[in-house]
Structure formats: structure tokens, C-alpha cells
Amino acid sequence: RWWIEELKVMKDHIHMIVQLQANISISEAVRYLKGGSSKKLRKEFPEIKEFLWGKSFWADGYFAETVGKVNYEVIKTYIKENKEIMPQEEV
């Protein structure tokens, strides 16, 4: 009973707004999201193993913040409109 309300996959990180049940801690939710997605990706793309450093698919850290109704729309807009700045190729 979780809802991913907004999601943006970037080159080296992911932004998302997730609505959780009150009995799930943020750290537990992150563990489920990172562990489950790692397991699924490794199964679907076994060749990815050669590109990993060590056994971990995801980095150890994460940033999480709770959101009140006032800031919700601001954060949702930021995630939707955020564009990754790609380095320009040298000519």
C-alpha cells in the first residue's frame, strides 16, 4: 500500500515522492526499494555484474525528507521539471 506519486530517474540518482503507511519507517522503505530493484535488475540484466564495483548495486546513502501539504506541490513540480545537465562534448 505505497504510492509512488512522482518519479524521475537521473544519470546517477533518482528523485521520487512516495506515500507510505505510517507504520513503515523511511529507512525500511528505502531498504525495500533499493533491495527489490537491485534484485530485479540483476535478474533481468545479469551482464550488469561486470560493471559493478563490489557487490552493491546502489550506493549506501540516501536522502529523505517528509513533506507537508504546503511544500508538496513545490517538490512535485521540481521533480517533474528537473532536467539533468549533461556535459557538453568537446569539439
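We count residues from 1, following the sequence as given. Just so it is clear, the structure is predicted and the values come from calculations on it, not from any experiment.
- Distance check, rounded to the nearest 0.5 Å: CD1 of Ile79 to CD1 of Ile17 gives 4.0 Å.
- Remark: aromatic rings of Tyr78 and His15 are close, center separation under 6.0 Å.
- Separation of atoms OH (Tyr72) and CD (Glu6) is listed at 7.0 Å; rounding is to 0.5 Å.
- Judged by distance alone, the side chain of Ser38 and the main-chain N or O of Lys34 form no donor-acceptor pair under 3.5 Å.
- Cluster membership for Trp2 and Val30, using ILVMFWY side-chain heavy atoms within less than 4.5 angstrom, is not shared.
- With contacts defined as side-chain heavy-atom distances shorter than 4.5 Å, the pair Glu28/Leu20 does not qualify.
- Val9 and Phe63 are assigned to two separate hydrophobic clusters, defined by single-linkage of ILVMFWY side chains at heavy-atom distances under 4.5 Å.
- The environment of CG in Asn23 is crowded: more than 12 heavy-atom neighbours from other residues, nucleotides or ligands sit within 6.0 Å.
- Remark: Glu5 CD to Gln19 CD distance equals 4.5 Å, nearest 0.5 Å.
- Annotation: side chain to side chain donor-acceptor pair (under 3.5 Å) contacts of Glu44 (sequence neighbours excluded): none.
- Around atom NZ of Lys39, no more than 12 heavy atoms belonging to other residues, nucleotides or ligands sit under 6.0 Å away.
- Hydrophobic clustering, with ILVMFWY side chains joined whenever heavy atoms are under 4.5 angstrom apart, keeps Leu7 apart from Ile26.
- Between the NZ atom in Lys80 and the CD atom in Glu73 there is a gap of 8.0 Å [rounded to 0.5 Å].
- Side-chain contact between Ile14 and Trp58 is present, with at least one heavy-atom pair separated by less than 4.5 Å.
- The cluster map of Ile, Leu, Val, Met, Phe, Trp and Tyr, joined by side-chain heavy atoms under 4.5 Å apart, puts Phe45 and Phe57 in the same cluster.
- Note that the CD1 atom of Ile24 and the OH atom of Tyr32 stand 6.0 Å from one another [nearest 0.5 Å].
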